[in-house]
Q: 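Sharing a structure here in structure tokens format.
FYI, side chains are in, hydrogens and waters are out, and symmetry mates aren't considered; it's all heavy atoms of this structure. Each residue takes its place number in the sequence, starting with 1.
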Amino acid sequence: MNRREARKNAFYLVFQIDFHQQEDFDEIKTLFLEQQEKPIQETAFILKEAEGTKTHLAEIDDMISKNLKGWAKERISKIDLAILRLAIYEICFSQEIPPGVAVNEAVELAKEFSTEETPAFINGVLGSIIKKVQ
């Protein structure tokens with residue numbers, strides 16, 4: 001499994017955050033890993049990404065809200081919100097992912113899982129955040 005596939009798996013877990021309490025989220029992570037057809041080589045990366053995003057969720061959501069132009073965070077689809085959260089975790093809190101890579105990967109996730117307009121939206125929000133954290 002390459003990093004892109006591992007990030008996609010982390011995205012699946014991050015997507016679950018809004019639907020489960022912390023205790024349930026721990027169970028969701030375990031079930032997710034058990035349901036894989038073959039052992040995941042990037043398990044540590046996947047869990048680090050999902051848990052890191054959950055740990056910094058309040059800060060990440062605050063950054064999202066402050067960088068939306070003419071939108072409220074509540075209007076963003078759960079899929080787009082999960083993509084933004086994961087990318088912002090990588091940009092602001094992970095030391096191993098360069099910001100440009102995080103943005104590119106988020107745009108690719110948006111192309112695969114969201115609407116035609118979403119990649120530009122994701123790119124714009126993340127670009128605004130990068131300018132502020134550099």
Q: Holding to side chain to side chain donor-acceptor pair (under 3.5 Å), I want the full list of residues that pass it with E5, two or more places apart in sequence or in another chain.
A: none
Q: Taking salt bridge (charged side-chain N to carboxylate O under 4.0 Å, His left out) as the test, write out the residues that go with R3, two or more places apart.
A: E42, E96
Q: Who pairs with D61 by side chain to side chain donor-acceptor pair (under 3.5 Å), at least two apart in sequence or on another chain?
A: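 Expected list: R85.
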Q: I97 versus F45: any side-chain heavy-atom pair under 4.5 Å?
A: yes
Q: Tell me the closest heavy-atom pair linking R75 and G70, and the distance in Å.
A: NH1-O, 3.8 Å
Q: Does any part of the side chain of E108, heavy atoms only, come nearer than 4.5 Å to the side chain of K8, both counted from C-beta?
A: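 They are not in side-chain contact.
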Q: Does I76 form a side-chain contact (heavy atoms from CB on, under 4.5 Å) with I64? I'd like the steps, not just the answer.
A: CA-CA 10 Å; I76 300 173; I64 291 170; 4.0 Å; yes
Q: In Å, rounded to the nearest 0.5 Å, how long is the span from CG of D18 to CG of L57?
A: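 Going from the CG atom of D18 to the CG atom of L57 covers 7.0 Å.
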Q: Taking the ring of F113 and the ring of F11, is the distance between their centroids below 6.0 Å?
A: yes
Q: In Å, rounded to the nearest 0.5 Å, how long is the span from OH of Y89 to CD of E51?
A: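 Atom-to-atom, Y89:OH and E51:CD are 9.0 Å apart.
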Q: Considering all heavy atoms of both residues, which atom of L13 and which atom of A50 are nearest to each other, and what is their separation?
A: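 What the structure gives for the nearest pair is CB-CB, 3.8 Å.
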Q: Same cluster or not: are Y12 and L31 linked, directly or through other Ile, Leu, Val, Met, Phe, Trp or Tyr residues, by side-chain heavy atoms under 4.5 angstrom apart?
A: no
Q: Side chains of S65 and D62: donor-acceptor distance under 3.5 Å anywhere?
A: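 No, because no side-chain N or O of S65 sits under 3.5 Å from a partner of the opposite role on D62.
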Q: Between F93 and T55, does a side-chain contact (heavy atoms from CB on, under 4.5 Å) hold up when you go through it step by step?
A: CA-CA 10 Å; F93 302 101; T55 298; over 6 Å; no
Q: How would you list, by chain and number, every residue that makes a side chain to side chain donor-acceptor pair (under 3.5 Å) with E117, sequence neighbours excluded?
A: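 With sequence neighbours excluded, E117 shows a side chain to side chain donor-acceptor pair (under 3.5 Å) to T115, given in chain and number order.
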Q: Less than 4.5 Å apart, side chain to side chain, heavy atoms only: is that true for N67 and K132?
A: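 N67 vs K132: side chains touch.
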Q: Got a sec, which residues hit salt bridge (charged side-chain N to carboxylate O under 4.0 Å, His left out) with E105, two or more places apart in sequence or on another chain?
A: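 Expected list: R4, R7.
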Q: In Å and rounded to the nearest 0.5 Å, what is the CD to CE distance from E59 to M63?
A: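 If I round to the nearest 0.5 Å, the distance is 6.0 Å.
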Q: OG1/T53 to CD1/I60 distance, rounded to the nearest 0.5 angstrom?
A: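 Going from the OG1 atom of T53 to the CD1 atom of I60 covers 5.0 Å.
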Q: Please report the C-alpha distance between E49 and V14 in whole Å, then the side-chain angles of each, then the deciding distance to 0.1 Å, and finally whether the side-chain contact (heavy atoms from CB on, under 4.5 Å) criterion is met.
A: CA-CA 8 Å; E49 295 278 295; V14 170; 5.9 Å; no
Q: List in chain and number order the residues that pass side-chain contact (heavy atoms from CB on, under 4.5 Å) with A106, two or more places apart in sequence or in another chain; answer none if no residue qualifies.
A: I83, A87, I122, L126
Q: Search all heavy atoms of A102 against all heavy atoms of I91 and return the closest pair with its distance.
A: CB-CG1, 3.7 Å
Q: Can you tell me if NZ on K66 sees more than 12 non-hydrogen neighbours from other groups inside 6.0 Å?
A: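 No - once you tally the heavy atoms of other residues, nucleotides and ligands closer than 6.0 Å, there are 12 at most.
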Q: Measure the spacing between CZ of F15 and CD1 of I28 and express it to the nearest 0.5 Å.
A: 12.0 Å
Q: Which value, rounded to the nearest 0.5 Å, describes the distance between K69 atom NZ and S128 atom OG?
A: 4.5 Å
